[in-house]
Structure formats: structure tokens, C-alpha cells
Amino acid sequence: MKTAGVIVEYNPFHNGHLYHLNETRKVTGADVVVAVMSGSFLQRGEPAFVDKWSRTRMALQNGVDIVIELPYVYATQKAEIFAKGAISLLSSIGVDELCFGSESGSIHEIQNTVAFVDSHEKEYNERIKYFMSEGNSYPKATSLAFQSLQGHEDVLDLSQPNNILGFQYVRAIHAQNVPIRPTTILRTKAGYHDQELTDTKIASATGIRNELLSKGSPLESIQAYVPEPTYNELQQYKETYSTFHGWHKLYHLLRYKLLTASPVKLASIYEAEEGLENRLITMAKTAPTFQDFMVAVKTKRYTWTRIQRFALHILTETTKEEMRPALEDRAPYLRLLGMSGIGRSYLNEIKNSLPVPLVSNINQFNHPFLTTERRVNQVYALGFTGKHQEEFLMKEYKTSPIIL
């Protein structure tokens, strides 16, 4: 079977994701599509809008064949480490091609950019440090460093979020020397960060979440922007839990941590640097909501995403020492969240030749990354109350891979 991989969050799965999935099959001719999907917390340092099992069902119902979890230690990282973990999982499960969306839409442009940066790596890193010393955020510094090296305007725009991820996916494929062929499709309509819904049927996941959480609009307001299986899943989720997940459910716990933990302890948390923890402590004293807190903490040097990730690691007590292996090693296991009939056939075909364990029950496999996973999922569960909190606390241990 020919296999294609996609790297996703599906937060939630919308019409743009369906377009990407259909184009992936068309462009690659794949028999099997494997999705590496973030779990309870996402790359921008946010809790998932609905839990990973619900998002797995959305993926399978919309045409994905296998869903593999991207562990927290990779899923909540900057693009370079996020990509490294995802590519190593796709390589381990035998994917032939990777298809991702980008603002560029040109795989040659991305590959040329990777080749150029790799051949000027020392100077590139020095310029990143220089632009960061000028007060720029890391993403802005990388974009400025590349543009200053290249010296003309006909370059990949590394300020665009999907271009950044695509660049890092291709770079990870080269660095790991794995036989995955990358390809990209042009991201259509709504941008990654667009917060408003438009009159088209394509909206960003950010816009959909904003409509339901920030604006408090009824679920019907987003129906045109998501496939029917997604809408039905969201409707059932809302009926069951009366709410969707977000930082508003967990901020009181973060505030408690900030106001009671010692600065020394906070300095050991992953992504703590340059005394940033002290700024968070100060702002937590007066910020009544998470939105107020983020607006108060954000600076030119530290992006919203960077601060959210640090806040998340404080909330989950994820230390620098705990994250170090993710910076150095490839993903050590494949955790199966769900599969279709075709996906099941493919796994039966390859399971005896996999280079890492295939984990379907976390109670039967031990690894430090899974220890972290258990802990952060318990934190995610605290966003609910009553019987639902108890249910979520047990989901990580009791839920079997979903079979469609």
C-alpha cells in the first residue's frame, strides 16, 4: 500500500482540513493516509478545543486511515522540535510521502530555502542571535536572518506560520535522512490565525473557536464551515459536557501555580529564561482573566505563542530536564489513537517490521514520555467539573484505539 502522511491538530477538523486531505490523496495517489495528531495540548500552548478521542473520530469519519498521537514533549514545542517529532513518527510507520499546506504552495521554493540555510548554517544562526539581541522574537529573527542572507525578495516568507512549519518538515526529513518525499499544496482562503468567519465555506480553526468561545455564538453559526461528521461530533460533545475546552477553564490553576511557586522552582520549568517567570508572577497578581494576563505579559521579544507555551509548562510542571530527551532523540514509540479498516490492514501488514513499539494500551508500556502524557492529561481533565472531570481523569487509561 502506498502511504501519505499529514501532520495535524484538527482543532477542530474543518472544511479546509477536508480540502487538504482530499488533495493529499489526489496528489500522492495514496492508499492509506496517516495523521500524526497532537493530543490534549497544542503547538501554540493551548488546550485542545475538544479531547483527542473526539478529534480522532472526526479525522477517521472524514477519511483519515490511521491516527497516531504526537507526544506532548514534541506537540508543545517551537516548529523545529514539533517537526522533528512528527517526521520521526511518520518515518517509523513507513510513510512514503508527506503532504502539507503552505502559504507558498511551492515545494521547490521550500526545498531551495532549506538547502540554502543548511549551507549557510553557521552564519544563519549568528544572524538569528543578532536579530534577537535587537529585541525581535525568535520567529521574526529567523525570517530577518534568512532575508539578510539571501539578499533579494524572491525568497520563502518565513514569517508565515505554515511556511515555517513546511520549512521545518523538509529540514527534519533531510536531517533524519528518511525516505519521505515532501509535497505541499497552497493553503486556501482563511489564514492560520484569522479570527473572523467569512462568507466562504473555508475558515481557520482559530476563527471557529473564536466564534464559539469568545463570541459565545451558537453551534449553528459554524455549521457551514465544517463537514457534517465534525458538526455532529461537536454537537454531541456540547450536549454531553455543556462546554468546549480552552485556557478560560484552566487559568485559575495557572494563577495559583504562579502565586504560590517559588521563582527558583519556576526557573526550572521548560522555556523559562531571562527571568520571564518573574514577569508572569507579577502580571498574575492583577490579571483576572487569561486574556488580560496574556495582554499584560506579551512583549515584542516574546510572542503570544511563546508565552502560552511557557504558561502551559508551568501549569503541567514540565521541567527543562524532562524535555531534554525530546531535543536529542527521535520519537520512541507509536501511540495508536484510531484506525479505519484500511488502516488496520496496513498496520497488520507492517507491525512486525516497525522500528519502535506500537502502543495501543498505555497501561502495558512504560516510557518517560508516556509518564509526562499521563500527567498532562490529568491537568486537561481539571478543566471539567463533577462527574465529567472524573471521566476525563480515567479516559487516558481506559480508552482503546477507535476503530471505524
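Count residues from 1 along the sequence.
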(request) Looking only at non-hydrogen atoms, find the nearest pair between Leu70 and Ala86 and report the distance. (result) CD1-N, 3.6 Å
(message) Could you check whether Ser104 and Ser106, counting side-chain N and O atoms only, form a donor-acceptor pair closer than 3.5 Å?
(response) no
(message) Is it the case that the side chain of Lys320 and the backbone of Ala267 share a donor-acceptor pair, with hydrogens and angles ignored and the cut-off at 3.5 Å?
(response) yes
(message) Under the salt bridge (Lys or Arg N to Asp or Glu O under 4.0 Å) definition, can you give me all pairs with a residue in residues 126-143, not counting sequence neighbours?
(response) Glu123-Arg127
(request) Please check if any side-chain donor atom of Arg330 sits under 3.5 Å from a side-chain acceptor atom of Ser92, or the reverse. (result) no
(message) Using only atom types and a distance under 3.5 Å, with no angle test, would you say the side chain of Gln77 pairs donor to acceptor with the backbone of Val73?
(response) yes
(message) If you compare all heavy atoms of Leu258 against all heavy atoms of Ala284, which two are closest, and at what distance to 0.1 Å?
(response) CD1-CB, 3.8 Å
(message) Hydrogens and angles aside, do Tyr130 and Ser148 bring a side-chain donor and acceptor to less than 3.5 Å of each other?
(response) no
(message) I want to check something: taking the side chain as every heavy atom from C-beta on, are Asp96 and Arg181 in contact at a cut-off of under 4.5 Å?
(response) no
(request) May I ask you to check whether His14 and His17 place their ring centers less than 6.0 Å from one another? (result) yes
In residues 26-40, what donor-acceptor pairs under 3.5 Å come from side-chain atoms, sequence neighbours left out?
from: Lys26; atom 1: NZ; to: Glu23; atom 2: OE2; distance (Å): 3.0
from: Thr28; atom 1: OG1; to: Thr24; atom 2: O; distance (Å): 2.6
from: Thr28; atom 1: OG1; to: Ala30; atom 2: N; distance (Å): 3.2
from: Asp31; atom 1: OD2; to: Lys2; atom 2: N; distance (Å): 2.8
from: Ser40; atom 1: OG; to: Asn377; atom 2: OD1; distance (Å): 2.3

(request) Please step through salt bridge (charged side-chain N to carboxylate O under 4.0 Å, His left out) for the pair Glu273 and Arg306, ending with a clear verdict. (result) CA-CA 11 Å; Glu273 59 182 38; Arg306 169 74 171 77; 3.4 Å; yes
(message) Quick check for you: to the nearest 0.5 Å, what is the distance between Thr76 atom OG1 and Leu312 atom CG?
(response) 6.0 Å
(message) Tell me whether Glu103 is salt-bridged to Arg187, with the criterion being a basic N under 4.0 Å from an acidic carboxylate O.
(response) no
(request) Determine yes or no for a side-chain-to-main-chain donor-acceptor pair under 3.5 angstrom, with Ser91 supplying the side chain and Ile87 the backbone. (result) no
(message) For Phe384 and Tyr237, take the angle between the two ring planes, folded into 0 to 90°, and tell me which bin it lands in: parallel under 30, tilted 30 to 60, perpendicular over 60.
(response) perpendicular
(message) Looking at Trp53 and Ile402, would you say the former's side chain and the latter's main chain have a donor-acceptor pair under 3.5 Å?
(response) no
(request) Report yes if the distance between the aromatic ring centroids of Phe41 and His245 is under 6.0 Å, otherwise no. (result) no
(message) Could you check whether Glu317 pairs with Arg375 (Lys NZ or Arg NE/NH1/NH2 to Asp/Glu carboxylate O, under 4.0 Å)?
(response) no
(request) Look at Glu373 together with Arg335 and state whether they make a salt bridge at an N to O cut-off of under 4.0 Å. (result) no
(request) May I ask you to decide whether Glu321 forms a salt bridge with Arg324, counting only side-chain N to carboxylate O separations under 4.0 Å? (result) yes
(message) Tyr231: which residues meet the ring-ring contact (aromatic ring centres under 6.0 Å, His included) condition with it, sequence neighbours left out?
(response) none
(message) Quick check against the 3.5 Å criterion: does Asp65 have a side-chain atom that pairs as donor or acceptor with the backbone of Ile342?
(response) no
(request) Please check if atom OH in Tyr397 has more than 12 non-hydrogen atoms from other residues, nucleotides or ligands closer than 6.0 Å. (result) yes
(message) Rounded at 0.5 Å granularity, tell me how far NE2 in His248 sits from CZ in Phe290.
(response) 11.5 Å
(request) Determine whether more than 12 heavy atoms belonging to other residues, nucleotides or ligands lie under 6.0 Å from atom CD of Glu220. (result) yes
(request) To the nearest 0.5 Å, tell me how far Gln43 CD sits from Gln308 CD. (result) 11.0 Å
(message) If we ignore hydrogens and angles and just use 3.5 Å, is the side chain of His388 paired with the main-chain N or O of Thr385 as donor and acceptor?
(response) no
(request) Grab the two heavy atoms, one from Ser340 and one from Leu60, that are nearest each other, plus how far apart they are. (result) N-CD2, 3.9 Å
(message) Is there a side-chain contact between Lys300 and Asn136 in this structure, where contact means two heavy atoms from C-beta onward sitting under 4.5 Å apart?
(response) yes
(message) Are the side chains of Ile222 and Leu234 in contact, using a 4.5 Å heavy-atom criterion?
(response) yes
(request) Please confirm whether the backbone N or O of Ala224 pairs with a side-chain atom of Asn15, one donor and one acceptor, at under 3.5 Å? (result) yes
(request) For the residue pair Phe116 and Leu149, establish whether any side-chain heavy-atom pair is separated by less than 4.5 Å. (result) yes
(message) Are the side chains of Glu277 and Phe310 in contact, using a 4.5 Å heavy-atom criterion?
(response) yes
(request) Quick one: closest heavy-atom pair of Gly85 and Ser88, and the distance? (result) O-OG, 2.8 Å
(message) Please check this pair: side chain of Lys285 against backbone of Leu259, looking for a donor-acceptor N/O pair closer than 3.5 Å.
(response) no
(message) Is it the case that the side chain of His20 and the backbone of Cys99 share a donor-acceptor pair, with hydrogens and angles ignored and the cut-off at 3.5 Å?
(response) yes
(request) Taking all heavy atoms of Glu109 and all of Thr113, pick out the closest pair and write down the distance. (result) O-OG1, 2.7 Å
(message) For Phe82, give me all partners under ring-ring contact (aromatic ring centres under 6.0 Å, His included), at least two apart in sequence or on another chain.
(response) none
(message) Any side-chain to backbone donor/acceptor pair from Arg25 onto Gly63? Under 3.5 Å, distance only.
(response) yes
(request) Taking the side chain as every heavy atom from C-beta outward, state whether Thr142 and Tyr124 have any pair of such atoms under 4.5 Å apart. (result) yes
(message) Check this for me, if you would: do Glu121 and Arg171 make a salt bridge, where the nitrogen-to-carboxylate-oxygen distance has to be below 4.0 angstrom?
(response) yes
(request) In sequence, state the C-alpha distance, the side-chain angles, and the governing distance for Glu9 and Arg44, and then conclude on salt bridge (charged side-chain N to carboxylate O under 4.0 Å, His left out). (result) CA-CA 11 Å; Glu9 293 185 323; Arg44 296 184 66 206; over 6 Å; no
(message) Distance check, rounded to the nearest 0.5 Å: Tyr241 atom OH versus Gln389 atom CD?
(response) 12.5 Å
(request) First locate atom OG1 of Thr183, then atom CG of Leu98, and finally report the distance between them rounded to the nearest 0.5 Å. (result) 8.5 Å
(request) Could you tell me which residues satisfy ring-ring contact (aromatic ring centres under 6.0 Å, His included) with His367, sequence neighbours excluded, listed by chain and number? (result) Tyr333, Phe369
(request) Take atom CD of Gln176 as the centre, draw a 6.0 Å sphere, and report whether it contains more than 12 heavy atoms from other residues, nucleotides or ligands. (result) yes
(message) Show the nearest heavy-atom pair for residues Thr184 and Gly105, with the distance to one decimal.
(response) CG2-C, 3.6 Å
(message) Is it true that, when you exclude Lys265 itself, more than 12 heavy atoms of the residues, nucleotides or ligands shown sit nearer than 6.0 Å to its NZ?
(response) no
(message) Can you tell me how far apart CG (Leu213) and CZ (Phe244) are? Round to the nearest 0.5 Å.
(response) 8.0 Å
(message) By the salt bridge (Lys or Arg N to Asp or Glu O under 4.0 Å) test, which pairs, at least two apart or in different chains, include something from residues 51-64?
(response) Asp51-Lys395, Lys52-Glu69, Lys52-Glu396, Arg57-Glu233
(request) Classify the angle between the aromatic ring planes of Tyr270 and His313 as parallel (below 30°), tilted (30 to 60°) or perpendicular (above 60°). (result) perpendicular
(message) Distance alone, cut at 3.5 Å: any donor-acceptor contact between the side chains of Asn162 and Ser102?
(response) no
(request) Salt-bridge test for Glu46 and Arg209: reply yes if a basic N is under 4.0 Å from a carboxylate O, no otherwise. (result) yes
(request) For Asn177, look at atom CG and say whether over 12 heavy atoms of other residues, nucleotides or ligands are found less than 6.0 Å away. (result) no
(message) Surrounding CZ of Phe365 (heavy atoms of other residues, nucleotides or ligands, distance under 6.0 Å), is the total greater than 12?
(response) yes
